[in-house]
Amino acid sequence: MKQKRYGVNVGSSSLLIIFVIVCLVSFAALSIVSANSDYKLTKRMAERETNYYNACNDAYRALASIDRTLLTLYESSDSEDDYYAQAGYTKSFTYPVSDIQSLRVVLQIHYPQNDSDPRYTITEWQVVTTGTLDYDQSLPVIQ
């Protein structure tokens with residue numbers, strides 16, 4: 001009579017454990033890469049927003065200065081023609097947001113009927129592209 005051998009079959013369970021560990025390590029690596037790219041994107045977006053709001057603050061300071069100047073011109077001018085001769089009909093200025101973008105502001109100058117009337121209207125307040133984007137020449141261009 002042959003004796004039956006009872007043993008523990010460790011080969012298949014070891015392979016299963018190794019497979020599970022490899023999967024967990026792969027998912028962990030993917031999570032780290034994804035978190036790092038999200039961090040970099042968030043950092044770039046925060047920097048861009050900060051630059052945009054800094055440009056807006058500069059534009060608001062310029063508007064306040066222009067408003068004071070227009071009030072002084074209104075008070076010192078003899079007529080509407082004299083006012084427009086000194087102030088002009090439009091004003092525009094730009095402030096950089098990034099290397100390739102600027103905030104452009106265009107004003108329409110008004111002759112006020114009294115001191116409390118508005119002296120200008122903002123006709124344009126937008127971010128415009130002032131440069132060209134650098135792109136990887138090896139990537140195909142979709143047309």
Side-chain angles (χ1 to χ4, degrees), residues 4-143:
K4 288 190 177 180
R5 236 174 161 180
Y6 296 104
V8 179
N9 189 358
V10 294
S12 60
S13 64
S14 295
L15 287 177
L16 181 62
I17 296 290
I18 290 171
F19 178 73
V20 168
I21 289 172
V22 167
C23 287
L24 289 175
V25 168
S26 298
F27 290 141
L30 287 174
S31 295
I32 289 171
V33 169
S34 176
N36 189 33
S37 65
D38 286 347
Y39 170 73
K40 288 178 181 178
L41 176 63
T42 302
K43 190 174 175 182
R44 280 196 322 256
M45 291 303 296
E47 181 180 330
R48 192 233 179 251
E49 289 298 313
T50 300
N51 291 341
Y52 172 75
Y53 285 116
N54 286 339
C56 285
N57 288 339
D58 292 342
Y60 282 124
R61 280 190 215 95
L63 287 176
S65 174
I66 289 170
D67 194 47
R68 285 190 300 271
T69 302
L70 290 175
L71 179 60
T72 303
L73 289 176
Y74 172 72
E75 292 170 343
S76 66
S77 65
D78 296 330
S79 66
E80 187 173 338
D81 291 335
D82 185 36
Y83 174 79
Y84 280 121
Q86 295 180 51
Y89 291 94
T90 61
K91 296 273 185 215
S92 64
F93 47 92
T94 60
Y95 290 98
V97 173
S98 68
D99 294 340
I100 62 167
Q101 290 183 323
S102 294
L103 175 66
R104 181 171 58 195
V105 179
V106 179
L107 306 176
Q108 179 69 41
I109 306 298
H110 302 297
Y111 182 76
Q113 299 305 315
N114 57 47
D115 290 348
S116 63
D117 284 349
R119 289 170 282 282
Y120 62 87
T121 301
I122 299 172
T123 58
E124 185 177 334
W125 183 287
Q126 70 177 18
V127 176
V128 293
T129 302
T130 57
T132 58
L133 293 173
D134 293 330
Y135 62 93
D136 189 355
Q137 296 290 334
S138 64
L139 296 175
V141 176
I142 300 173
Q143 297 180 359

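A donor-acceptor pair is defined here as one N or O able to donate and one able to accept, closer than 3.5 Å; no such pair exists between the side chain of Asn36 and the backbone of Ile32. The main-chain N or O of Asp117 is found under 3.5 Å from a side-chain atom of Asn114 such that the two form a donor-acceptor pair. Using a distance-only test at 3.5 Å, with no hydrogens or angles considered, a donor-acceptor pair links the side chain of Gln108 to the main chain of Tyr89. Put simply, the side chain of Thr130 gets close to the backbone of Ile100: a donor and an acceptor are under 3.5 Å apart.
Note: Tyr84 and Tyr111 have tilted aromatic rings, judged against thresholds of 30 and 60 degrees for the angle between ring planes. Ring geometry for Trp125 versus Tyr60: interplanar angle of 30 to 60°, hence tilted.
Residue Leu107 is tested with Thr121, Thr90, Ile66 for a side chain to side chain contact (heavy atoms under 4.5 Å, CB included); the sole match is Ile66.
For the atom pair Glu80 CD and His110 NE2, the distance stands at 11.5 Å (nearest 0.5 Å). Taking NZ from Lys40 and OG1 from Thr42, the interatomic distance works out to 12.5 Å, rounded to the nearest 0.5 Å. Ser76 OG to Leu71 CG: the interatomic distance, rounded to the nearest 0.5 Å, is 9.5 Å. With values rounded to the nearest 0.5 angstrom, Leu73 atom CG is found 13.0 Å from Arg68 atom CZ. Note: Tyr53 OH to Asp58 CG = 14.5 Å, rounded to the nearest 0.5 Å. Between the CD atom in Gln101 and the OG1 atom in Thr94 there is a gap of 13.0 Å [rounded to 0.5 Å].
A heavy-atom distance below 4.5 Å is found between the side chains of Tyr83 and Leu70. In this structure the side chain of Ile122 reaches within 4.5 angstrom of the side chain of Leu63, judged on heavy atoms.
Nearest approach of Ser77 to Asp82, heavy atoms of both residues: CA-OD2, 3.3 Å. Contact record, Gly88 with Ile109: O-CB, 3.5 Å, taken as the closest heavy-atom pair. Minimum heavy-atom separation, Pro112 to Pro118: CB-O, 4.2 Å. Heavy-atom minimum distance, Pro96 versus Ser102: CA-OG, 3.8 Å.
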Test side chain to side chain contact (heavy atoms under 4.5 Å, CB included) on Thr69 and Lys91 and set out the steps. CA-CA 12 Å; Thr69 302; Lys91 296 273 185 215; over 6 Å; no
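Side chains of Asp81 and Ser79: a donor-acceptor N/O pair is absent below 3.5 angstrom, by distance only.
No more than 12 heavy atoms of other residues, nucleotides or ligands shown are found within 6.0 angstrom of CG on Asp99.
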